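What follows is a set of notes on a single structure, which appears directly below.
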Amino acid sequence: MTFVLTEEQGMLKDAARDFVSEQLSLTHFRAQRNAGANGKDPESWAAMAEMGWYGVLIPESYGGSEFGYVGLGQVLEAQGRTLAASPLLQTALVGVSALVLGGSDAQKETVLPKIAEGKLTTALAVDEHAHHAPTQIAMTAVADGGGFKLSGKKTFVSNGHFADLFIVAARTSGKPGDTSGITLFMVPRDTDGLKVTELNTLDYHGAANLEFDGVVVPAADVLGSVDAGWDILDPVMDRARIGLAAEMLGLCEAAFEMTHEYLQTRKQFGQLIGSFQSLQHRAAIMFSEMELTRSCVAAALDALDAGRDDVAEMASLAKAKASSLAHLMTNETIQIHGGIGMTDEHDAGFFIKRARVLESLFGGEGFHRERYATLIGF
Amino acid sequence: MTFVLTEEQGMLKDAARDFVSEQLSLTHFRAQRNAGANGKDPESWAAMAEMGWYGVLIPESYGGSEFGYVGLGQVLEAQGRTLAASPLLQTALVGVSALVLGGSDAQKETVLPKIAEGKLTTALAVDEHAHHAPTQIAMTAVADGGGFKLSGKKTFVSNGHFADLFIVAARTSGKPGDTSGITLFMVPRDTDGLKVTELNTLDYHGAANLEFDGVVVPAADVLGSVDAGWDILDPVMDRARIGLAAEMLGLCEAAFEMTHEYLQTRKQFGQLIGSFQSLQHRAAIMFSEMELTRSCVAAALDALDAGRDDVAEMASLAKAKASSLAHLMTNETIQIHGGIGMTDEHDAGFFIKRARVLESLFGGEGFHRERYATLIGF
Amino acid sequence: MADGMDPTLDQFRAETREWLEENCPPSMRTPQTEDEVVWGGRGEKFKNPESKLWLERMASKGWTAPTWPKAYGGGGLSKEENQILQQELKRIKARVALNSFGLWMLGPVLLEYANEEQKQKFLPDIVQGKIRWCQGYSEPGAGSDLAGLQTKCEDKGDHWLVNGQKVWTSYADQADWIFCLVRTDTSTKHEGISFLLFDMQSEGVEARPIKLISGSSPFCETFFNDVKVPKDQLVGRLNGGWEIAKRLLQYERSNISASGFGGERTGIPPIYEIAKKYVGTDAEGHLLDNDLRMRLSDLVMSEKAFKLTVARMAEQSKAGEEVGHTASIIKYAAAKFNQYKTEMTVETLGYQGLGWEGEGFSEMELHAPKAMLRAKANSIEGGTSEVNLNVIAKRVLGLKEHKG
Amino acid sequence: MADGMDPTLDQFRAETREWLEENCPPSMRTPQTEDEVVWGGRGEKFKNPESKLWLERMASKGWTAPTWPKAYGGGGLSKEENQILQQELKRIKARVALNSFGLWMLGPVLLEYANEEQKQKFLPDIVQGKIRWCQGYSEPGAGSDLAGLQTKCEDKGDHWLVNGQKVWTSYADQADWIFCLVRTDTSTKHEGISFLLFDMQSEGVEARPIKLISGSSPFCETFFNDVKVPKDQLVGRLNGGWEIAKRLLQYERSNISASGFGGERTGIPPIYEIAKKYVGTDAEGHLLDNDLRMRLSDLVMSEKAFKLTVARMAEQSKAGEEVGHTASIIKYAAAKFNQYKTEMTVETLGYQGLGWEGEGFSEMELHAPKAMLRAKANSIEGGTSEVNLNVIAKRVLGLKEHKG
C-alpha cells in the first residue's frame with residue numbers, strides 16, 4: 001500500500017487545486033447556476049483539456065499521459081472542492097477506462113485521441129429505474145442484420161445531457177438480475193431513434209433520461225464481447241465509484257474548511273461558537289471521520305494503479321464511507337452555520353445538494369454495504 | 001389511548017417502588033450475586049407473593065386481582081430499577097397469560113391459584129438456537145398412546161433453572177419456519193427424560209438449557225389446540241416483550257438517575273463534570289430518548305388492557321425502542337462515570353450486564369425492526 | 001369531565017354540529033391545497049371565494065379564536081367547549097379558516113400583557129383576519145443569542161424612533177404589522193429590551209425576501225430606518241420585553257412542533273408505500289432492498305414513538321400532571337424526526353428524488369428534496385437544537401454552568 | 001532507502017536471519033498464549049522455559065530495545081536496521097520476547113530526561129527484563145484532569161517522603177518498581193509536579209488489586225504511607241515532571257491504540273465467519289439475518305477503514321510528512337471501533353454470548369462478553385475520548401476556549 005504521493009502526483013495535485021480555485025471557484029459555480037447552465041461549461045472544459053486532464057489515464061500512444069488513477073484522483077478531489085461540473089469523471093475516468101479495458105485497437109484509435117484533446121465526451125448509461133441496480137438491466141439489444149437494435153430506456157445519466165458518445169449497457173441474452181447476457185454498445189448522441197431528455201437536477205449539474213426506440217448499432221460499435229459486457233462494466237463502475245469517492249472527499253474537505261472558518265469567526269452569547277464544547281466535539285468527530293475516509297479513498301486509488309485484486313471491495317468501501325461522510329458533513333455544515341446556511345446566497349446549500357447526488361450515483365451507502373458483504377463472502 | 005394512570009394503578013406503582021427500594025435494593029442484588037445465588041431468591045419472592053403481584057393478571061375466580069397489564073407493567077418497571085431477579089415476568093405475566101389465553105378450565109383451576117399464592121413458578125421454553133427465532137422450532141412431539149413424546153432441546157430458558165412447570169413449544173407437524181404445527185405442552189420440572197442444565201449468565205440472573213429425551217406428556221397437558229399453539233404462543237411472547245420493555249425502562253431510569261447524580265457531584269478540572277456542555281448535551285439526548293421510549297411502553301401496556309388490535313406492532317415497537325435505549329444508556333453510564341464505572345464495586349457494571357440480556361430476550365432491536373416492517377406490511 | 005356526562009355540553013355539540021353543517025362551504029371540507037391557505041390581512045386574495053365566506057362565518061362566531069374573550073371578538077368558549085368544536089371540525093374535515101401568527105403567538109401575549117386599549121385595538125382584527133402580523137425577533141448578529149439584539153428604539157418624546165435590522169422575519173413582505181423586540185436600554189442586556197408593535201407601511205420599513213436553499217422565500221430581511229412609532233404601541237413595561245418575548249417563544253415552540261413541523265402534506269402515501277413503488281417487492285410483499293427496509297422500519301417506529309410522545313404529553317398536561325419543560329424535548333425530537341423522514345424520502349425515491357424542476361419528475365418527486373432542504377431549518381428556527389439541549393440540560397435536568 | 005540498495009543492510013538482514021534461525025526456540029514461533037506472555041521482573045515465572053531462553057538471547061543482543069544505545073544495554077540499531085529486524089521477526093512469527101512498560105514508556109523518557117547515573121542504573125535492567133515497572137499517574141480525584149494530582153512528596157533533606165494514593169496502576173501488585181508523578185509544590189498546579197522512581201518493596205507501599213466488571217484485575221489502587229525515597233531517584237528537574245509526564249503519555253497513547261487495543265486474539269475467526277455459524281446462511285452463503293448482515297458489513301468496513309488509517313499515518317510519518325496530533329485521532333477511533341466490534345460479537349453470538357462462567361458455553365463464547373466489558377475502558381484509559389476530542393478540537397483544529 002502506498003499512501004504517500006510521488007513528487008509528480010503531488011505536482012498534479014497542486015496544479016489541480018490552483019486551477020480549480022482560480023477558474024472553477026464557487027463564485028464561478030454560482031454564476032453558472034444563476035445563468036441556468038445546468039452543468040454545461042464548455043469554456044472551462046477546454047481549459048481542462050489544455051491542462052491535459054482528459055488524458056491522465058490514456059496510454060501515451062493515444063495521446064495521453066498514462067499517469068494513473070492516483071493522479072486522476074487528485075484532480076477529482078480538487079474538483080470536488082468547488083463542486084465544479086465537468087466531464088472528467090464520465091469521460092476521462094469512465095469512458096477511457098471502458099475503452100482501455102474493453103475497446104479494440106480500432107475503437108481506441110478512433111475515440112481516445114479525441115478524448116485526450118477534449119473534443120469528445122462520453123457518458124455511461126446503465127440504470128433504468130430509480131435506484132442503482134446494474135444487474136437489473138432490461139433494455140434489449142436484438143441482433144439485426146450485421147448489428148443490433150436497441151430498445152428501452154436509461155435513467156438519470158450523468159453528463160447525458162451533453163455527452164457526444166454514450167456507452168450503453170443492454171441485454172443481448174438472459175434476464176434482469178443476470179450478470180451474463182449484458183453487452184456494451186457505443187452509441188453517438190445523434191443516432192436515429194435515440195431521444196435525450198435533459199433533466200434539471202438538484203445539484204445544478206444536470207443529467208438526462210434516454211429513450212431508445214429501435215436504435216441501430218453496427219457490430220463494430222460493440223465494446224468488448226457480446227454477452228460478456230459485465231466483465232468490463234463492473235470494473236468500470238468500480239472506477240466510477242472510486243472517482244466519486246475522491247470527488248466527495250474534496251467536497252467534504254471544503255465543507256469542513258468553510259465550517260471550521262465559521263466556528264472561528266461567528267460569535268453568539270459573546271463567545272466564538274467554536275469555543276462551545278459540544279461544537280468542538282462535533283468538529284473533532286467530523287475531522288476524525290474525514291481522516292478515516294481519506295485513507296479508504298487513497299487505498300482504493302492505489303489498488304487501481306497497483307492492479308490489486310481487491311479493487312471491488314475497496315471501491316465499495318470508499319464509496320460507502322465517502323457517502324456517509326458527505327451526508328454527515330453537509331448536514332453539520334448547515335446546522336453549524338445556522339440561519340445563514342439556509343439561505344441561497346450562502347454556499348452551504350450547494351454542498352448538500354451536490355452531496356445528495358454524489359451519494360446516490362453508482363450506489364449509495366446501503367447498496368455498498370450489501371455489495372461489500374457479498375464480496376467478502378457473507 | 002390512555003397515558004395517565006388511574007389512582008389504583010398509581011398506588012400499585014408507589015407500593016412496588018417502595019418494596020423494591022427497601023427489599024430488593026441494589027445492595028441486596030449485590031449480596032445475592034456475591035453469594036452465588038444465580039438469580040434464586042425465594043425469600044424475596046415469598047414477600048412478592050404477599051404483595052399479591054403474582055395474581056395481578058389472574059381472574060378473581062382463580063385467586064387473582066385481575067388488575068391488568070398497565071398495573072403489572074408498573075411492578076416490572078419498578079423491578080427493573082434495581083435489576084431484581086424474580087419469577088414475575090416468566091410466571092405472573094407469561095405463564096398466567098398462556099393459561100388465561102389457552103388453558104382449559106381444569107388447567108386454569110390446577111395452576112392459576114398456585115401461581116397467585118406464589119407456590120408455583122413457570123418458564124416458557126421456545127428457542128433452540130443462539131438467536132430468538134420462534135418459528136424455527138424443531139423439537140418434535142410425536143403422538144404416543146394417549147399423549148405425546150417430546151424430543152429435542154431448548155436454549156437459554158429464563159427462570160428455567162428453578163421453574164416448577166415448563167411451557168414448552170414443540171412441533172407436532174410441519175417444518176421449522178412454519179407457524180402452524182406448533183403445539184404447547186405443560187411439562188413439570190421433575191418429568192422423566194427432562195434434563196435441566198443450569199447456566200451462569202452474564203447478568204447473574206441465571207437460566208437453563210433443557211434436553212428432552214422422549215419425555216412423555218399426557219394429552220391433558222396440551223395447552224390450547226394441537227398444531228395451533230402459535231395462536232397462543234405469539235400473543236404470549238408479545239406480552240413478554242412488553243413486560244421486558246417495561247423492565248428495561250425501569251433499568252434505564254435508574255441508570256440515568258445514577259449518572260445524573262454523578263454529573264452533579266464529580267469534579268474534574270475544578271468543575272462539576274455536569275457543567276461541561278458536551279456531557280450536558282449527551283445527558284439531554286439520553287433523557288429525551290427515554291421520554292420517547294416511555295411513551296411506547298405506556299402505549300403498549302395500554303393496548304393490552306384495551307384489547308386493541310395493534311398489540312403485535314406495539315410490542316415490537318416497545319421492545320425495539322427499549323433495547324436501543326438500554327444499550328445507549330448503559331454505555332453512557334459507564335463512560336460518564338469513567339474509571340470508577342469499570343470497577344466491580346460500582347453498580348454501573350450490573351446495569352450493562354443485565355441490559356445486554358434483556359435486550360436479547362424475545363428478540364433484540366434487529367429482530368423487531370424486521371418484524372415491525374412485516375407487521376406494517378412492507 | 002367525560003363526554004355525554006354534561007347535558008350543556010351535549011347541547012353545545014348538537015348546536016355546533018348543526019351550525020357547521022349549514023355554514024361550512026363544500027370546498028372547505030376538501031383537503032387544503034397549499035395555494036388556498038388563508039393567512040388573512042390587507043393583501044389576502046382568497047383564491048377560492050368560499051375561503052372568504054368560511055373565514056367570515058367562523059370569525060363572526062369568534063371561532064377563529066375560540067377561547068378568547070368575547071369582549072375582544074373571541075368565541076368565549078370553555079376548554080371543554082373548544083374541544084368539542086375542534087372534534088366537530090375534524091369530523092367534517094373542515095379546513096383551518098385562518099392561519100395567523102396573530103392567533104398563535106401575538107394574541108395570547110397581548111391577552112396577558114397588553115393594556116385594555118391595546119387589546120381593544122388589536123385583538124378583534126386578529127380574530128377576523130383583517131391584519132396579518134409578522135414577528136421581528138432574530139437579527140443578523142443575534143440568532144441563538146436572541147437577547148443580544150441591537151435594533152435601537154429611542155424615546156423621542158412624542159414617538160419612538162426605531163433603527164436597525166431584523167432577519168428571518170416570516171412573510172414580512174406580506175404582513176401588515178410587526179411585533180418586534182427592540183433595544184430601549186443599551187447599558188444592560190436582557191433588561192434593556194422592549195416589545196413594540198408597528199405598521200409595516202410606516203415610512204422607513206423595508207422587507208427584502210430571503211431566498212432559501214429550497215428555492216422558496218418565506219422569510220425576509222427587514223430594515224428599519226428612522227421608523228416613527230406612536231408611544232402607545234409599546235406593550236407591557238418599558239424594558240420589560242424579555243419576559244414577553246420568552247412567553248411568546250413558548251407559544252411558538254409548541255406551535256412549531258405540535259405536529260412534527262406539520263410535515264404531513266395531504267395526499268402523500270406513507271413512506272413504505274412509496275418505497276414499494278420505487279424499490280419493488282418480493283413475493284411476500286417485502287421491499288427488495290433489505291437494507292433500506294430495515295432503515296425504513298426504524299423510521300416508521302421513530303415516527304410512532306414521536307407521535308405517541310406528543311399525545312402522552314398533551315394528555316398528561318391536560319390531566320394537570322407536571323410535565324416539565326416538555327416543549328424543548330418535543331421541539332428537539334420533532335426536528336430530528338422530520339429531518340430523518342425527509343432524508344429517507346429522498347433516498348427512497350432514488351434518482352427521482354434528485355430533481356429540481358422541469359421534465360422527468362412528478363410534482364411529488366420534486367417536492368421531496370425541497371422538503372428535505374426545508375427541514376434542515378427545523379433544528380435552527382424557533383430555538384436551535386443546541387439551545388434546546390442546553391435548556392433540557394439546565395432547566396429539566398438542573399445541570400449547572402461552569403463556575404467562575 | 002529502499003531495501004536491497006544498501007549492501008550493509010543486506011548483510012545485516014542475512015546475519016539477522018541466520019541468528020534468529022539459530023536462536024529462536026521452536027515454541028517461540030507459535031502463536032502466543034495469554035498465560036505465556038513474558039513481562040519480566042523479579043517475579044517472572046516463565047511458564048514455558050523456552051520463553052526464558054528467548055528473552056535471555058534477545059536481551060544479550062540488546063534486541064528487546066533494538067534502537068537504544070549499546071551503552072545502556074540496547075541494540076544500537078539504526079531505524080533501517082530495526083525495520084529489518086522487525087521484518088525478520090515477523091517472517092518467522094517470533095513471539096515478543098519481552099512486554100514491558102519499561103521498554104515502551106519509561107525507557108524513552110529516561111533516555112531523554114534522566115542523568116547519566118540514572119540511565120546506567122535503570123536502562124540495562126529494563127532491556128534484560130530484570131525489573132518490571134508500573135506507572136503511578138491517575139489518582140482518585142484526578143482522572144482526566146491528571147495534573148490535579150495530590151500525592152505529596154516532601155523534601156526531608158536526605159530523602160523524599162511520599163504520601164498519597166494512586167489508582168489504575170496497571171499490575172502494581174506484580175511490579176518491582178514504579179515511575180510516579182508526585183506533587184512537590186502545592187502552590188501551583190502543572191509546575192508543582194515531579195517525576196519520581198522507587199521500589200515497590202519500600203516500606204509503606206501497598207498495592208490492592210481492583211476487580212473490574214469483566215472479572216479480571218489488571219489494575220490496582222496503590223497507597224503510599226510515609227514512603228522514603230532516596231534523593232537521586234527524582235528524574236529531571238524538581239517541579240519539572242509535567243513535561244516528562246506529557247511526553248510519556250504520547251508513548252502510551254500510540255502504544256495503546258497502535259493495533260486497535262490489540263484486540264486481536266489469535267485463533268479467533270473473523271466476525272462474519274462466527275455469524276455464519278451462529279445465525280446460519282442461505283443458498284448463496286448470505287447470513288439469514290439480513291439486518292445483522294448489514295450491520296456486520298458496516299463493522300467490517302469500519303475495521304478496514306481504521307486499519308488503513310493506522311497504516312497511512314505510520315507511512316506518512318515515516319515519510320516525514322507532518323501528520324499533526326494523529327495520536328489523539330487514532331486513539332479516539334480505536335476505542336470507538338473496538339467497542340463497536342466487541343458489542344457486535346456479543347450480539348452475533350446471541351444467547352451464547354450471554355454467559356459468565358461454567359457449563360453451556362465454550363471458552364470463546366465466555367470470552368466475548370468479557371471482552372465487550374473490557375473494551376468500555378478503551379474510551380477512558382490513557383485519556384478519555386472526551387479529552388481526545390478536546391485535544392483534536394484545540395490542538396489540531398485550533399479552536400479556542402471560551403474567553404474570560
Side-chain angles (χ1 to χ4, degrees), chain B residues 1-5 256-257 259-260 263-264 267 269-300 302 310 313-314 316-322 324-325 365-366 368-378, chain C residues 270-276 279 281 284-287 290 292-298 300-302 304-316 318-321 323-324 326 328-333 336-337 385-386 388-394 396-404:
Chain B
M1 198 88 59
T2 315
F3 289 107
V4 177
L5 296 183
F256 184 79
E257 287 164 18
T259 306
H260 186 220
L263 284 167
Q264 292 176 298
K267 283 188 176 181
F269 303 102
Q271 301 287 350
L272 291 172
I273 61 171
S275 69
F276 287 95
Q277 195 193 29
S278 74
L279 294 188
Q280 290 188 344
H281 280 197
R282 278 155 58 185
I285 289 169
M286 286 150 69
F287 185 78
S288 300
E289 291 294 328
M290 190 158 65
E291 287 299 302
L292 290 162
T293 300
R294 186 185 302 284
S295 313
C296 299
V297 172
D302 181 60
D310 63 348
E313 287 96 311
M314 293 308 300
S316 280
L317 174 67
K319 184 63 170 54
K321 285 287 170 194
S324 162
L325 178 72
E365 198 187 350
H368 288 291
R369 250 196 305 265
E370 152 70 37
R371 184 168 182 258
Y372 193 80
T374 302
L375 288 168
I376 295 289
F378 66 97
Chain C
I271 191 166
Y272 49 86
E273 293 299 338
I274 299 177
K276 284 182 180 178
V279 172
T281 53
E284 297 171 82
H286 297 175
L287 297 181
N290 225 306
L292 183 65
R293 178 169 176 256
M294 288 302 101
R295 290 183 292 122
L296 287 179
S297 182
D298 184 68
V300 177
M301 283 200 270
S302 298
K304 185 83 183 175
F306 174 70
K307 287 185 173 172
L308 287 170
T309 303
V310 172
R312 178 168 69 86
M313 291 187 171
E315 191 186 310
Q316 292 185 339
K318 217 185 309 175
E321 283 184 29
V323 283
T326 53
S328 290
I329 294 172
I330 294 283
K331 168 76 168 59
Y332 166 74
K336 196 166 134 179
F337 166 69
S385 285
E386 288 80 7
N388 278 311
L389 291 174
N390 287 342
V391 169
I392 297 168
K394 291 187 177 119
V396 184
L397 304 179
L399 299 177
K400 300 279 188 295
E401 303 258 6
H402 272 346
K403 71 174 160 64

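Since we're looking at a predicted model, the values are computed, not measured. Chain naming here is simple, since letters A, B, ... match the order of the sequence lines and numbering starts at 1 in each.
The heavy-atom pair separating C:Lys403 from B:Gly270 by the smallest distance is NZ-O, 3.1 Å. B:Ser288 and C:Ile329 get closest at one heavy-atom pair: OG-CG2, 3.9 Å. Scanning both residues, B:Val4 and C:Glu315, for their nearest heavy atoms gives N-OE2, 3.2 Å. Among all heavy-atom pairs drawn from C:Ala305 and B:Ser295, the shortest one is O-CB, 4.4 Å. Heavy-atom minimum distance, C:Phe306 versus B:Leu292: CA-CD2, 3.8 Å.
For B:Tyr372, the parts sitting under 4.5 Å from any heavy atom of chain C are the backbone and the side chain alike. In this structure, chain C has no heavy atom under 4.5 Å from any part of B:Arg282. Contact annotation for C:Ala319: only side-chain heavy atoms (C-beta onward) come within less than 4.5 Å of a heavy atom of chain B. The contact between B:Ala299 and chain C is made entirely by side chain atoms (from C-beta outward), counting heavy-atom distances below 4.5 Å. There is no contact between C:Ser385 and chain B, counting heavy-atom distances below 4.5 Å. Looking at C:Glu284, neither its backbone nor its side chain comes within 4.5 Å of chain B, counting heavy atoms on both sides. There is no contact between B:Phe269 and chain C, counting heavy-atom distances below 4.5 Å.
The side-chain heavy atoms of C:Ile271 and B:Phe378, taken from C-beta on, include no pair separated by under 4.5 Å. The side-chain heavy atoms of B:Gln280 and C:Leu389, taken from C-beta on, include no pair separated by under 4.5 Å. The shortest distance between side-chain heavy atoms of B:His260 and C:Leu399 falls below 4.5 Å. In this structure, the side chains of C:Lys304 and B:Glu313 stay at 4.5 Å or more apart for every pair of heavy atoms. Under the 4.5 Å side-chain criterion, counting only non-hydrogen atoms from C-beta, B:Met314 is in contact with C:Leu308.
Chain B forms more heavy-atom pairs under 4.5 Å with one residue of C:Arg293, C:Glu401, C:Met294, C:Arg295 than with any other, namely C:Arg293. Contact count versus chain C (heavy atoms, under 4.5 Å) is highest, among B:Ala320, B:Gly377, B:Ser316, for B:Gly377. Ranked by heavy-atom pairs shorter than 4.5 Å toward chain B, the options C:Lys276, C:Met301, C:His286 are led by C:Met301. When the candidates B:Leu272, B:Thr293, B:Ile285 are compared by the number of heavy-atom contacts under 4.5 Å with chain C, B:Ile285 comes out ahead.
In this structure a side-chain-to-backbone donor-acceptor pair under 3.5 Å is missing from C:His402 to B:Gln271. Listed for the C:Arg312 side chain is a donor-acceptor partner under 3.5 Å among the backbone atoms of B:Glu291.
To the nearest 0.5 Å, atom CG of residue C:Asn388 and atom NE2 of residue B:His281 are 9.5 Å apart.
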* To do: Please report the C-alpha distance between C:Asn390 and B:Gln277 in whole Å, then the side-chain angles of each, then the deciding distance to 0.1 Å, and finally whether the side-chain contact (heavy atoms from CB on, under 4.5 Å) criterion is met.
  => CA-CA 8 Å; C:Asn390 287 342; B:Gln277 195 193 29; 3.3 Å; yes
